[in-house]
Number of protein chains: 2
Amino acid sequence: MNAENIRKIREFNRSYTRVLKLTDKYHLDTQYTLLESRLLLEIDRGVNSANQLMLLLHVDKGYLSRTLKKLKSEGLLIEVPNDQDKRIKNLNLTNDGEKVLKMIDQRADTQVETLFSSIPTEELENVIRDMQEIKNAVKKYSHDKEI
Amino acid sequence: MNAENIRKIREFNRSYTRVLKLTDKYHLDTQYTLLESRLLLEIDRGVNSANQLMLLLHVDKGYLSRTLKKLKSEGLLIEVPNDQDKRIKNLNLTNDGEKVLKMIDQRADTQVETLFSSIPTEELENVIRDMQEIKNAVKKYSHDKEI
DNA sequence: GAATGTTAGTTGACTTTAGCAACTTTTTTT
DNA sequence: AAAAAAAGTTGCTAAAGTCAACTAACATTC
């Protein structure tokens, strides 16, 4: 790849890092960290064992264990024994956990809306098309299974 | 903005967060943190007082002071007295500091290249065009001065 | 089928990262 | 000249993250 392309990609990365930081600011208005929010989200989606979460989110298993413990102690998660494999503790959101996830999700929506709503409709449609193209290209040619 | 657009933007954000995490991995192969690398970069660009760096990078000034102290102790930075205002300590990269910055920069290039080089030329050109369009749109309509 | 190795998760000890407030020195304001 | 503000340092603390040792359950292999 030529140097100019690398430069442009890195410039985009820098600029978009700032956007992502702004969209993450809503976490400051909640009592939950980014990791906690992400855990609730992924568990809701069905990624429901500590080991799966560890592999997906690349967090230390010790730290993960403690973080999950905290969420359990707050009543957002419950452990469900896994009958096939008793080493595994399956995780589920409680009703409270679902409520919290919904709240966090709405704030994230609001934050994204705030950041992008000033872009006029047609231009926004282009931006969204661009995003999908980037996402697909990166996904398609990536050897990293998780992207 | 409609819910579908918000969903798409958030999906892109999630997927691109993973890309950025991968491009940040080179920091693990160096002895420098993201903040340290960024400080070297910005000082090289001429942002050369702790206060300016604090405003640009939004870091606590106490933490910044200590981080700069560390870089000075490692011989990557030197303090130059500011004759106009003796409260200010201007910062400059030493030769070693420049070398380290160059090394970090090359690793970042390599990482980006690794991630994107598998995308075929034409598709890559589209991706880069998309990135510029997104960057410009966000910048143009953003009220945040720093984006 | 007992020994060995591996996997899931927990815990203790520790380091790094970060934030806050008090403080010194210098400059600016009134 | 006094008061306020700005630049930077330091002490104290908390949160975030890492690492290794450990238990219990499961898998392998001989």
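The analysis underlying the following values was restricted to heavy atoms, covering all of them including side chains, and did not include hydrogens, waters or symmetry mates. So that the names make sense, note that chain A is the first sequence line, chain B the second, and so on, each numbered from 1.
What separates CG of L53(B) from P of dG8(D) is a distance of 9 Å, to the nearest Å. Distance, Y63(B) OH to dG11(D) P: 18 Å, rounded to whole Å. For the pair L55(B) CG and dG8(D) C1', the computed distance is 13 Å after rounding to whole Å.
When the options I43(B), L77(B), V80(B) are evaluated for a side chain to side chain contact (heavy atoms under 4.5 Å, CB included) with N92(B), the one that passes is V80(B).
M103(A) and L93(A) fall within a single hydrophobic cluster, where Ile, Leu, Val, Met, Phe, Trp and Tyr side chains are chained together by heavy-atom contacts under 4.5 Å.
The shortest non-hydrogen separation linking L101(B) to L40(B) is CD2-O, 3.9 Å.
Side-chain atoms of N126(B) and R129(B) form a donor-acceptor pair, as typed in the model, at a separation below 3.5 Å.
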Check step by step if salt bridge (Lys or Arg N to Asp or Glu O under 4.0 Å) holds for D105(B) and R10(A). CA-CA 10 Å; D105(B) 206 57; R10(A) 287 188 61 196; 3.1 Å; yes
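Below 30°, between 30° and 60°, or above 60°: for F12(B) and F12(A) the angle between ring planes is between 30° and 60°, a tilted geometry. A perpendicular orientation is assigned to the rings of Y16(A) and Y16(B), their planes being inclined by more than 60° (bins at 30° and 60°).
Near-neighbour residues of DNA chain C inside residues 65-87 of chain B, defined by a heavy atom below 4.0 Å, number-ordered: R66(B), Q84(B), D85(B), K86(B), R87(B).
Interface limits on DNA chain C: the 5'-most and 3'-most nucleotides within less than 4.0 Å of chain A heavy atoms are dT7(C) to dA13(C).
Base engagement by D60(B) is indicated by at least one non-hydrogen atom pair under 4.0 Å involving a base atom.
Of the two residues contacting DNA chain D, namely K61(A) and L35(A), the nearest-nucleotide position lying further toward the 5' end is that of L35(A).
For the pair R14(A) and E11(A), the salt-bridge criterion is not met [side-chain N within less than 4.0 Å of a carboxylate O].
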